[in-house]
Amino acid sequence: MGEEGMMIPIIDLDDFPNQAEKLVCACKEWGSFRIINHKVPLTLMSDMKSVVKSLFDVPVEIKKRNTDVIAGSGYVAPNKDNPLYEALGLYDLGSSQAVQEFCNQLEVSTDQRDTIMVYASALHNLTTEVWSKLAESMGVGSDSVKEWKCQFRINKYNFTHETIGSTGVCIHTDSSFLTILQEDECVGGLEVMPISSLPMGSFVPVDPLPGSLLVNLGDMATLWSNGTLYNVKHRVQCKDAALRFSIAMFLLGPKDKLVKAPPEFIDADHPQLYAPFTFIDLRKLRLSSGSRAGEVLDLARLPPIASQTV
Ligand SMILES: O=C(O)CCC(=O)C(=O)O
Ligand SMILES: [Fe+2]
């Protein structure tokens, strides 16, 4: 089946609970959807985009001060796997100390610091709001989500004429429960693989829709939902000879608590599929096994019920 003409679902955040069913469908079939009426001011989004662009202009010695707090949370220089890609990031957005530290490392101005603080807080709130809406739409609570850890990452793609047709970021899933992306408003290139196209898999381009934000579900969402929510496989391709910038906010999960499917999702026909994991341990397993595109969930699977000794 060709995927031409397919488009990821658009969810109106202002229209709940009416959109509940549409949201759950989007999360099962696409693992990806666009949100509108998200209340993040457009001026804040564009101010943040300008800050992001200038953060990448500092000398590499300064960028390297942005060291990892958890694996992969800090500066990523262009490398063999993704030579066109560069990223800066920060773990634990809920901690204003961590945000200040990020700003100090990169020697940002007072205005830039203000923008980063306001943006971080707005997007942090939005990730918890979107997750709460999803959990509620699935008939379960989400009490502790405000305490969950968040990671923030800004991405730059050095696209040129010569790189058109090559890959900006290879196929992967996110490790998070969910990710909110502020894409480049002009330069496309993100592609997602809907579940209907598996197991062969074909990509659907996600064209930018200025003012909206994009949500992707990650490995934790699949583990938590007992396999019903889809951790969307995606990549970024170079389609234009233009620099591309994106901003990602990852809702990772509770810090030390084991995550497992709530009892509402488990019955005789739907036995528990995955062993309980903390975010950090699932992430470690993902890195140690080199499984970037969701294969880590195969490693987290419990043996079939018939072979389990109860
Ligand atoms: O830049 C994008 O549009 C996607 C970035 C992404 O997939 C990620 O940061 O995990
Ligand atoms: Fe991603």
Side-chain angles (χ1 to χ4, degrees), residues 38-78 85-132 144-157 174-184 213-216 218 220 243 245-257 278-280 283-284 287:
H38 50 64
K39 310 269 182 346
V40 180
L42 292 181
T43 47
L44 180 59
M45 288 170 66
S46 68
D47 287 352
M48 185 63 190
K49 203 37 96 59
S50 312
V51 171
V52 163
K53 288 179 184 163
S54 60
L55 289 186
F56 281 106
D57 286 336
V58 302
V60 69
E61 300 78 50
I62 294 187
K63 291 186 223 180
K64 282 185 178 159
R65 290 185 199 154
N66 176 222
T67 48
D68 282 0
V69 173
I70 58 169
S73 69
Y75 179 56
V76 179
Y85 171 78
E86 192 178 0
L88 291 160
L90 113 93
Y91 171 68
D92 199 2
L93 206 79
S95 150
S96 61
Q97 208 188 327
V99 182
Q100 293 290 0
E101 175 68 15
F102 173 80
C103 294
N104 294 342
Q105 287 164 342
L106 297 169
E107 298 182 351
V108 306
S109 70
T110 309
D111 280 355
Q112 289 176 325
R113 187 180 297 255
D114 288 347
T115 302
I116 293 170
M117 298 297 275
V118 177
Y119 185 89
S121 158
L123 268 288
H124 189 195
N125 289 340
L126 187 62
T127 54
T128 60
E129 183 194 339
V130 173
W131 185 260
S132 304
S144 65
V145 66
K146 289 210 161 47
E147 279 99 62
W148 288 7
K149 295 295 173 192
C150 263
Q151 186 180 337
F152 173 68
R153 188 157 71 206
I154 59 182
N155 303 312
K156 178 181 183 184
Y157 301 84
D174 293 350
S175 314
S176 52
F177 270 83
L178 65 79
T179 307
I180 299 190
L181 265 181
Q182 182 182 332
E183 306 149 272
D184 198 294
L213 291 162
L214 193 83
V215 182
N216 286 334
M220 290 302 284
L243 295 179
F245 295 90
S246 67
I247 310 175
M249 186 71 71
F250 302 94
L251 180 67
L252 302 182
K255 181 162 190 284
D256 299 314
K257 220 176 114 217
T278 62
F279 166 77
I280 295 288
R283 173 101 191 138
K284 276 190 194 145
L287 292 174

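Keep in mind it's a predicted model, so treat the numbers as computed, not measured.
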Query raised in the report: With sequence neighbours excluded, what pairs up with Thr278 under the side-chain contact (heavy atoms from CB on, under 4.5 Å) test?
Result: Leu258, Ile280, Asp281
Report summary line: Asp174 meets the side chain to side chain donor-acceptor pair (under 3.5 Å) criterion, sequence neighbours left out, with His172, Thr179, His234
Requested in this report: Taking all heavy atoms of Leu44 and all of Thr115, pick out the closest pair and write down the distance.
Outcome: CD1-O, 4.2 Å
**Report entry** Side chain to side chain, Leu181 and Leu213, heavy atoms closer than 4.5 Å
**Finding:** no
Query - Under 3.5 Å: donor-acceptor pair, side chain of Lys63, backbone of Ala87 - result: no
Query raised in the report: Can you find a pair of side-chain heavy atoms, one from Leu126 and one from Ile180, that are under 4.5 Å apart?
Result: yes
Report task. For Ser246, enumerate each residue passing the side chain to side chain donor-acceptor pair (under 3.5 Å) test, keeping only those at least two apart in sequence or located in another chain. Result -> Asn155
Report summary line: Sorted by chain and residue number, the salt bridge (Lys or Arg N to Asp or Glu O under 4.0 Å) partners of Glu101 (sequence neighbours excluded) come out as none
Requested in this report: Let me see the working for Asp92 and Gln151 under side-chain contact (heavy atoms from CB on, under 4.5 Å), right down to the final yes or no.
Outcome: CA-CA 5 Å; Asp92 199 2; Gln151 186 180 337; over 6 Å; no
Query raised in the report: About how many Å separate CD1 of Ile62 and CG of Leu88, when rounded to the nearest 0.5 Å?
Result: 11.0 Å
Report summary line: Residue set satisfying side-chain contact (heavy atoms from CB on, under 4.5 Å) with Val69, at least two apart, ordered chain then number -> Ser73, Tyr91
Requested in this report: Please tell me if the side chains of Gln112 and Ser54 come closer than 4.5 Å, counting only heavy atoms from C-beta onward.
Outcome: yes
Query raised in the report: Is the shortest heavy-atom distance from the side chain of Phe152 to the side chain of Ile247 under 4.5 Å?
Result: yes
Requested in this report: Anything under 30° is parallel, anything over 60° is perpendicular, the rest tilted; go ahead and classify Trp131 against Phe177.
Outcome: perpendicular
Report summary line: Which of Leu55, Val108, Asp114, Leu90 passes side-chain contact (heavy atoms from CB on, under 4.5 Å) with Cys103? Answer is Val108
Query raised in the report: Residues two or more places apart in sequence or in another chain: which of them pass salt bridge (Lys or Arg N to Asp or Glu O under 4.0 Å) with Asp47?
Result: none
Requested in this report: Decide yes or no on side-chain contact (heavy atoms from CB on, under 4.5 Å) for Phe279 and Ser175, but give the supporting numbers first.
Outcome: CA-CA 8 Å; Phe279 166 77; Ser175 314; 3.7 Å; yes
**Report entry** With Asn104 via side chain to side chain donor-acceptor pair (under 3.5 Å) - residues at least two apart
**Finding:** Arg113
Query - With Ser144 via side-chain contact (heavy atoms from CB on, under 4.5 Å) - residues at least two apart - result: Glu147, Trp148
Query raised in the report: For Pro78, what residues pass the side-chain contact (heavy atoms from CB on, under 4.5 Å) criterion, not counting sequence neighbours?
Result: Tyr75, Glu86
Query raised in the report: Would one find more than 12 heavy atoms of other residues, nucleotides or ligands at under 6.0 Å from atom NZ of Lys49?
Result: yes
Query - Residues Thr127, Cys150; criterion side-chain contact (heavy atoms from CB on, under 4.5 Å); working and verdict - result: CA-CA 9 Å; Thr127 54; Cys150 263; 3.9 Å; yes
Query - Closest approach of Asp184 to Leu243 (non-hydrogen atoms, all atoms of both residues) - result: OD2-O, 3.9 Å
Requested in this report: Find the distance between NE2 (His124) and OG (Ser95) and round it off to the nearest 0.5 Å.
Outcome: 10.5 Å
Query raised in the report: Taking side chain as C-beta onward, heavy atoms only, is Met45 less than 4.5 Å from Val40?
Result: yes
Requested in this report: Take Leu178 and Val130 through the side-chain contact (heavy atoms from CB on, under 4.5 Å) test and state the conclusion after the steps.
Outcome: CA-CA 9 Å; Leu178 65 79; Val130 173; 3.9 Å; yes
Query - Side-chain donor/acceptor of Arg153 to backbone N/O of Gly89, under 3.5 Å - result: no
Query raised in the report: What residues form a side chain to side chain donor-acceptor pair (under 3.5 Å) with Ser50, not counting sequence neighbours?
Result: none
Report task. Over 60° means perpendicular and under 30° means parallel, so classify the ring planes of Phe56 and Phe245, tilted if in between. Result -> tilted
Report task. Please examine the side chains of Arg65 and Leu106, heavy atoms only from C-beta on, and report whether any two atoms are closer than 4.5 Å. Result -> no
Requested in this report: Side-chain contact test, heavy atoms from C-beta onward, threshold under 4.5 Å: evaluate it for Val145 versus Leu251 and give yes or no.
Outcome: yes
Side-chain donor-acceptor contacts of residues 116-123 below 3.5 Å, not counting sequence neighbours, with atom names and distances?
residue, atom, partner, partner atom, Å
Tyr119, OH, Gln182, OE1, 2.7

